Protein chains: 2
Amino acid sequence: MGKKENRRAEVIDLLAVHFLETGLGDTGLRRLAEVAGSSDRMLLYYFDNKDELVAAVLAHIAGGLTAALNELFGTTPKTPDTILKTLWEAAKSEAFKPHLRLWLDLSTHANRGDPLLLAIVRQISEGWIEWMANLLAVPEPEKKAVAALILAAVDGQLVLFPGEIARGDAAIQQLVKLFKNRGK
Amino acid sequence: MGKKENRRAEVIDLLAVHFLETGLGDTGLRRLAEVAGSSDRMLLYYFDNKDELVAAVLAHIAGGLTAALNELFGTTPKTPDTILKTLWEAAKSEAFKPHLRLWLDLSTHANRGDPLLLAIVRQISEGWIEWMANLLAVPEPEKKAVAALILAAVDGQLVLFPGEIARGDAAIQQLVKLFKNRGK
DNA sequence: TTTTTATTGTAGCGATCGCTACAAAGGCAT
DNA sequence: ATGCCTTTGTAGCGATCGCTACAATAAAAA
């Protein structure tokens, strides 16, 4: 009875690690089965098809990331420059870098038209903006715009400096300064 | 003699359009041959292998984009907020959107470890920063950092709002305001 | 025990991938 | 005409893709 569900959850855990390490490019069923210590046949027994498998693993990863970010940021409001600095340090850390890279993968596939990933990405994206907006100590009408700016600035470093995200330090530092000047 | 080279150039032109429209995901030799009005066999006659083909097409696209941007921006220095506004309008236009999307594709593959694309992307990226830095009317030591911030902010919108880049309007507007406050 | 149901292995389908072997066809100079 | 070099078509290799048919086993229910 429950055996199937248990194993399914284990598989999701193992594949989450693999997805974070290698992105969405290496997702052949036989390869994933190897990683999960299973067989392609069994993966299609636990999941209806490959799309459902991918969606489940991504949902699991997104959940973990949300939890980690909540722990990192707490719930008390913060100024844009401190939020940006904290987020940037996280983005450069070994713990979060894989998440960022995977996020870039997802967004790219979504931009290319994959309807499944498009829906997933939009939902996650909106969730992050909302979450950060609630954390920002700025006037209400600007909250979401500032949140989007911060997230985009960090994501953009990954696009601009692939494989060496730390090179974005100077750009982020500029934005921090701009935020500090902001109160006029 | 020259027949091979002529046809090769034609093929590059045709494939550039296709790459811009569909990204790097649809690059089967047989499919590309169809698009170019040729055959897979002939593509491998014009090019040594698929990698060389892709590199040639990408170089062609990059060249065209550089020319277009130079025409759009001219050579007289501009303030960060006007450059950002101009670049953002361009990014949203139908003419440039495909270039942005393709750029995201490239960067994603580079981040995933593809060594060929990593070299290409880093070179192009560095070129853009340099180009924009020379265009920016800001003190020398900050030029490259501001350039990287602007480029990253625009790229980031694509990551954050796949398929509906215009939703980044508010975030870009925030950055424009920050730039305007900048002189203190 | 029998009978059903849940779990897993083996084999393979049809499609696509980059690439190659082989040879036919065309233009060229001699 | 002959031979040569460039250009192109046909066919296919071996690998991988998502997925399925079929059957064997194990566990649970009767």
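Predicted, not measured: the structure shown is a model, and the values here were computed from it. By convention in this document, chain letters (A, B, ...) are assigned in the order of the sequence lines, proteins followed by strands, and residues within each chain are numbered from 1.
- Between the CG atom of Leu44(B) and the C1' atom of dA21(C) there is a distance of 13 Å, rounded to whole Å.
- Once rounded to the nearest 0.5 Å, the distance linking CG of Leu53(A) with CD1 of Ile12(A) reads 7.5 Å.
- For the pair Arg41(A) and Tyr46(B), nearest-nucleotide mapping onto DNA chain D gives the more 5' position to Tyr46(B).
- Rounded to an integer number of Å, the gap from Asn6(A) CG to dT7(C) C1' is 14 Å.
- Both tests do not hold together for Lys78(A) against Phe73(A): distance to the six-membered ring centre under 6.0 Å, angle to the ring axis within 45°.
- Straight-line distance from the CG atom of Leu32(B) to the P atom of dC19(C): 12 Å, rounded to whole Å.
- Residue pairs meeting the ring pair (Phe, Tyr, Trp, His ring centres under 6.0 Å) criterion with at least one member in residues 82-130 of chain A, sequence neighbours excluded, are Trp103(A)-Trp128(A).
- Residues Lys92(B) and Asp169(B) are paired through a salt bridge, judged by an N-O separation under 4.0 Å between the basic side chain and the carboxylate.
- Note on Glu34(B) versus Arg31(B): salt bridge recorded, some NZ/NE/NH1/NH2 to OD/OE distance being below 4.0 Å.
- Put simply, CD on Glu52(A) is 15 Å from P on dG18(D), counting in whole angstrom units.
- In this entry the distance linking CD of Glu5(B) with C1' of dT6(D) reads 11 Å, nearest Å.
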What pairs of nitrogen or oxygen atoms, one from the protein and one from nucleotides 12-17 of chain C, lie under 3.5 Å apart?
residue, atom, partner, partner atom, Å
dG12(C), O6, Arg30(A), NH2, 3.2

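- For the pair Phe47(B) CZ and dT20(C) C1', the interatomic distance rounds to 19 Å; values are reported in whole Å.
- Each of Asp48(B) and Met42(A) has a nearest nucleotide on DNA chain C; the 5'-most of these lies closest to Met42(A).
- Salt-bridge annotation for Lys97(B) and Glu94(B): present, with a side-chain N of the basic residue lying under 4.0 Å from a carboxylate O of the acidic one.
- Side-chain nitrogen and oxygen atoms of Tyr45(A) include none within less than 4.0 Å of the OP1 or OP2 phosphate oxygen of dA6(C).
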